[in-house]
Amino acid sequence: MKRIIVLLLAICLCFCGCVSTEPQIDPNLIKIEITYGDSENITFDVINNAKDNIEFGSEYHIEYLDGEEWAPLEEKTETFFTMIAHILEPGGKMNFSFDIAARYGELSNGTYRIAKTFTLLNEDGIPCGRQMAYGDCEV
């Protein structure tokens with residue numbers, strides 16, 4: 001039984017290396033819409049405008065606008081995310097809320113964005129590309 005599990009795991013790891021990591025041409029395939037954001041919390045919707053399912057985890061990071069460039073916000077505490085795969089069908093929407101103060105501390109006034117990575121799945125459910133999506137908000 002252990003050999004079968006190890007073999008399946010090895011096969012999965014081999015196929016993971018075959019996934020294209022090139023960004024998609026259309027940045028509107030996946031949208032992040034901020035529904036609430038303040039110096040301590042953020043709530044947002046993930047919207048799938050692609051023709052196929054998308055897959056993503058609960059991890060995210062916050063960036064701030066430093067002049068004309070986006071810079072990653074430094075974490076105040078180490079964060080662990082539950083390793084769960086969300087699958088969102090075409091036209092679907094999921095809502096998420098995070099306590100950003102627990103991870104980054106209270107944010108000062110400025111422009112911020114949440115950044116998440118998504119995997120596009122083909123009609124057979126096989127990963128066929130990755131894409132970053134962003135949602136901006138003012139604090």
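- Distance check, rounded to the nearest 0.5 Å: SG of Cys128 to CG of Asp52 gives 6.5 Å.
- The two atoms that bring Leu73 and Tyr104 nearest to each other are O-CE2, 3.3 Å, heavy atoms only.
- Surrounding CD of Glu123 are more than 12 heavy atoms belonging to other residues, nucleotides or ligands, all under 6.0 Å away.
- Scanning all heavy atoms of the two residues, the minimum distance from Lys93 to Leu88 falls at N-CD1, 3.6 Å.
- Residues Asn48 and Glu89 fail the side-chain proximity criterion, which asks for heavy atoms closer than 4.5 Å.
- Listed by chain and number, the residues in a salt bridge (charged side-chain N to carboxylate O under 4.0 Å, His left out) with Glu75 are Arg103 (sequence neighbours excluded).
- Considering only heavy atoms from C-beta on, Glu106 comes within 4.5 Å of Ser39 through its side chain.
- Remark: side-chain polar atoms of Asn49 are paired, donor with acceptor, to backbone N or O of Asn28 under 3.5 angstrom.
- With hydrogens and angles ignored, the 3.5 Å screen pairs no side-chain donor or acceptor of Asp45 with any backbone N or O of Ile47.
- The nearest pair of heavy atoms linking Ala50 to Pro90 is O-CB, 3.4 Å.
- With hydrogens and angles disregarded, a donor-acceptor distance shorter than 3.5 Å links the side chain of Lys116 to the backbone of Gly57.
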Can you give the donor-acceptor pairs under 3.5 Å from side chains of residues 60-67 to other protein atoms, not counting sequence neighbours?
residue, atom, partner, partner atom, Å
His61, NE2, Glu63, OE2, 3.0
Glu63, OE1, Arg113, NE, 2.5
Glu63, OE1, Arg113, NH2, 2.7

Notebook entry, point to check: Going through the distances and angles, do Tyr112 and Leu107 end up as a side-chain contact (heavy atoms from CB on, under 4.5 Å)?
Noted result: CA-CA 9 Å; Tyr112 296 87; Leu107 303 181; 3.8 Å; yes

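- One finds the CZ atom of Arg130 at 12.5 Å from the CD1 atom of Ile54 (value rounded to the nearest 0.5 Å).
- Closest heavy-atom contact between Ile100 and Ile42: CG2-CG2, 3.7 Å.
- Between Val139 and Ser108, the shortest heavy-atom distance links the atoms CG1-O, 3.8 Å.
- Using a 4.5 Å heavy-atom cutoff, the side chains of Leu121 and Pro127 are in contact.
- Inspection of the Glu55 and Thr119 side chains reveals no N or O donor paired with an N or O acceptor under 3.5 Å.
- For the side-chain contact (heavy atoms from CB on, under 4.5 Å) with Thr43, the lone residue among Asn95, Ile34, Asp38 that qualifies is Asn95.
- Taking every heavy atom of both residues into account, Ile30 and Ala133 meet most closely at O-CB, 3.8 Å.
- With contacts defined as side-chain heavy-atom distances shorter than 4.5 Å, the pair Asn41/Phe98 does not qualify.
- Side-chain rings of Phe96 and Phe56 approach one another, their centers coming within less than 6.0 Å.
- Residue Ile87 is not grouped with residue Met94 when hydrophobic side chains (ILVMFWY) are merged at heavy-atom distances under 4.5 angstrom, including chains of intermediate members.
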